Visitor: 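Right, I'll just put the structure down here and ask away after.
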Amino acid sequence: MVGWDSRAVHAGREDLAGLGVHALPLDLSTTAPLTTVAEGGDAYELLATGGVPGPGQSTVYQRLWNPTVARFEAGVSTLEGAAESVSFATGMAALTAVLLAAVAGGKPHVVAVRPLYGGSDHVLATGLLGTRVTFVGPGGVRAALRPDTGLVLAETPANPDMRLLDIKALVAEADGVPVMIDNTFATPVLQRPLELGAALVLHSATKFLGGHGDAMGGVVATDPEWASRLRQVRAITGGLLTPWPAYLLHRGLATLPVRVRAQQDAAHKVAMALAGHEAVTRVLYPGLAECDPMGLVGTQMLGPGSLLSFEVETAELAEAIPAHVELATHAVSLGGIDTLIQHPAGLTHRPVAAEAKPHATMLRVSIGLEDPDDIIADLVRAVEAAAAAG
Ligand SMILES: *Cc1c(COP(=O)(O)O)cnc(C)c1O
């Protein structure tokens with residue numbers, strides 16, 4: 001077995017030389033040729049119920065199967081150490097499919113550990129998909145379990161306060177109920193939840209996996225049984241990942257380890273610089289000892305990642321800072337090549353109920369690949385300019 005960086009470069013490309021090509025092929029076909037009606041019908045039946053096409057079998061229709069999309073999924077499976085992966089149009093479409101599969105399986109109750117990404121919190125709080133949610137804090141999972149609990153959902157590091165969870169302990173607490181970890185922030189470069197007992201791993205591939213801010217996607221890495229259920233939901237509801245973004249997301253996988261490590265190195269420097277600044281009241285970054293009380297960085301997680309949040313004295317100051325960045329961009333999203341800053345309470349976590357909303361004094365920064373000194377200078381200048389104006 002080769003190292004993880006080698007796997008990232010070659011994952012999902014194992015058959016390319018045999019095909020006589022070197023770069024990833026992009027197949028845009030919306031439909032596929034059929035032989036007889038009977039054979040086509042068999043293929044349709046297989047794919048619409050979550051199956052995988054056999055060699056030489058027609059793939060029928062892009063909503064049921066696409067080779068470029070399947071290649072990206074194979075790449076993600078390699079990196080997460082999963083048997084299979086199923087991709088979707090966005091991270092939210094991926095979460096939707098998992099929730100619909102849980103509901104269809106007769107287990108509509110979800111235990112969700114807050115904080116979560118604002119959109120995930122929102123879809124659960126609305127009950128739109130037929131789920132019933134109990135929101136808990138870390139350690140509250142066991143007491144919230146019911147006979148109809150179909151899923152436990154958690155993030156670590158969590159969006160946006162970077163709270164870390166012990167995945168093995170969470171799996172034990174869930175007492176056999178499947179645990180899904182949203183691994184968007186950590187990426188498989190830093191953390192592989194399936195190895196720790198999670199049943200499902202969710203990614204907003206829009207973020208680090210693609211890494212360039214130009215393609216949306218979501219993916220779930222899991223076992224063959226869940227994968228089949230998710231493919232069935234995808235075939236029926238149509239929230240599929242299409243080939244163009246699948247191609248871009250797959251291309252992103254090759255550089256994922258180097259990007260994650262370079263961005264992490266920079267984030268560590270930025271966190272230290274902000275922590276030493278008088279206008280910053282608190283820095284939330286898993287690489288700071290006070291943010292990692294259980295010692296999970298270096299054990300569960302190879303490193304602290306490249307997302308950090310910081311707090312300032314007042315909400316007014318926090319809201320004023322993003323207007324003053326010049327190198328960074330004031331924008332939601334994260335995990336791309338450039339530094340982004342945003343105000344979670346006002347933006348990404350806007351739909352979250354008041355009792356669970358992030359502090360209005362908090363800003364979240366996704367550190368990019370710029371020179372760390374330039375990022376620090378930009379953020380410090382923005383903080384000082386906002387403070388001087390206020
Ligand atoms: C962005 C994000 C999502 C949602 O993904 P989309 O691709 O935007 O639908 C889910 N979880 C986390 C942690 C995210 O950052």
Side-chain angles (χ1 to χ4, degrees), residues 69 72 76 80 85-100 110 112-126 128-129 151 153-165 167 179-188 190-191 193 198 200-221 230 234 237-242 244-246 248-249 252 260 263 284 286 301 305-309 331-336 340-345 347-352 356 358 362-368:
V69 170
F72 166 63
V76 172
E80 284 291 357
S85 295
V86 185
S87 61
F88 297 88
T90 63
M92 290 313 298
L95 176 59
T96 294
V98 174
L99 297 179
L100 288 176
V110 178
V113 185
R114 272 176 165 160
L116 290 172
Y117 172 67
S120 309
D121 194 293
H122 195 200
V123 73
L124 288 166
T126 60
L128 185 68
L129 301 171
L151 191 73
L153 171 61
E155 291 178 16
T156 177
N159 189 351
D161 72 359
M162 308 301 147
R163 183 265 300 125
L164 300 180
L165 281 180
I167 296 173
V179 171
M180 179 160 77
I181 298 294
D182 186 329
N183 208 29
T184 299
F185 274 30
T187 82
L190 301 178
Q191 174 173 284
L200 305 119
V201 167
L202 177 93
H203 281 278
S204 169
T206 313
K207 315 294 171 48
F208 284 99
L209 302 192
H212 292 70
D214 56 6
M216 294 201 76
V219 62
V220 179
L230 294 175
R234 180 177 66 181
T237 62
L240 66 144
L241 180 67
T242 55
W244 253 116
L248 290 170
L249 297 172
V260 165
Q263 289 171 238
L284 299 148
M301 240 186 132
S306 57
L307 267 296
L308 63 89
S309 293
V332 301
S333 200
L334 58 101
L340 304 178
I341 185 167
Q342 67 105 13
H343 185 256
L347 288 154
T348 48
H349 291 68
R350 195 175 191 92
V352 176
M362 183 193 291
L363 291 164
R364 189 192 73 193
V365 191
S366 174
I367 304 298

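On a predicted model such as this, the values are computed, not experimentally measured, just so you know. We count ligands from 1, going down the list as the structure has it; atoms in each ligand are counted the same way.
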Visitor: Report, in ascending order of atom number, the atoms of ligand 1 lying under 4.0 Å from any heavy atom of Gly217.
Guide: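 The atoms of ligand 1 under 4.0 Å from a heavy atom of Gly217 are 7 (O).
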Visitor: Could you list the atoms of ligand 1 found under 4.0 angstrom from a heavy atom of Asn159?
Guide: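 Under 4.0 Å from Asn159, ligand 1 has these atoms: 15 (O).
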Visitor: Could you tell me whether some N/O pair between Ser204 and ligand 1 is separated by less than 3.5 angstrom?
Guide: yes
Visitor: Any side-chain to backbone donor/acceptor pair from Ser309 onto Leu284? Under 3.5 Å, distance only.
Guide: no
Visitor: Please indicate whether any nitrogen or oxygen in Leu334 is less than 3.5 Å from any nitrogen or oxygen in ligand 1.
Guide: no
Visitor: Under 4.0 Å from a heavy atom of Thr206: give me the atoms of ligand 1 that qualify, with their elements.
Guide: 7 (O)
Visitor: Do Glu80 and Ser85 have side-chain N/O donor and acceptor atoms under 3.5 Å apart?
Guide: no
Visitor: Under 4.5 Å between any side-chain heavy atoms of Leu202 and Ile181, yes or no?
Guide: no
Visitor: Any N or O on Leu202 sitting closer than 3.5 Å to an N or O of ligand 1?
Guide: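 No; the residue has no nitrogen or oxygen that sits under 3.5 Å from a nitrogen or oxygen of the ligand.
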Visitor: Any idea which protein heavy atom is nearest atom 2 (C) of ligand 1, and the distance to it?
Guide: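 For atom 2 (C) of ligand 1, the nearest protein heavy atom comes out as Lys207 NZ, 2.5 Å.
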Visitor: May I ask which of Phe208, Phe88, Phe185, Tyr117 has a heavy atom nearer to atom 10 (C) of ligand 1 than the others do?
Guide: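 Among Phe208, Phe88, Phe185, Tyr117, the closest heavy atom to atom 10 (C) of ligand 1 comes from Tyr117.
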Visitor: Quick check on side-chain contact (heavy atoms from CB on, under 4.5 Å): which of Leu230, Thr96, Thr237, Leu95 does Phe88 satisfy it with?
Guide: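 Only one of Leu230, Thr96, Thr237, Leu95 forms a side-chain contact (heavy atoms from CB on, under 4.5 Å) with Phe88, namely Leu230.
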Visitor: Of all the non-hydrogen atoms in the protein, which one sits nearest to atom 9 (O) of ligand 1, and at what distance?
Guide: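 For atom 9 (O) of ligand 1, the nearest protein heavy atom is Met92 N, 2.9 Å.
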Visitor: If we count only N and O atoms by modelled type, under 3.5 Å, do the side chains of Glu155 and Asn183 hold a donor and an acceptor together?
Guide: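 No - no donor-acceptor pair under 3.5 Å links their side chains.
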Visitor: Step by step, would you call Tyr117 with Met92 a side chain to side chain contact (heavy atoms under 4.5 Å, CB included)?
Guide: CA-CA 10 Å; Tyr117 172 67; Met92 290 313 298; 3.9 Å; yes
Visitor: Are Val201 and Val220 close enough that some pair of their side-chain heavy atoms sits under 4.5 Å apart?
Guide: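 Val201 vs Val220: side chains apart.
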Visitor: Determine whether any heavy atom of Ala94 lies closer than 4.0 Å to an atom of ligand 1.
Guide: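 Contact check Ala94 vs ligand 1: negative.
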Visitor: Return the residue, atom name and 0.1 Å-rounded distance of the protein heavy atom closest to atom 8 (O) of ligand 1.
Guide: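 Among all protein heavy atoms, the one nearest atom 8 (O) of ligand 1 is Met216 CE, 3.8 Å.
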Visitor: For Asp182, take its heavy atoms, then give the atoms of ligand 1 lying under 4.0 Å from any of them.
Guide: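 Those atoms are 10 (C), 11 (N), 12 (C), 13 (C).
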Visitor: Measure the OG1-CE distance between Thr242 and Met216 for me, rounded to the nearest 0.5 Å.
Guide: 11.5 Å
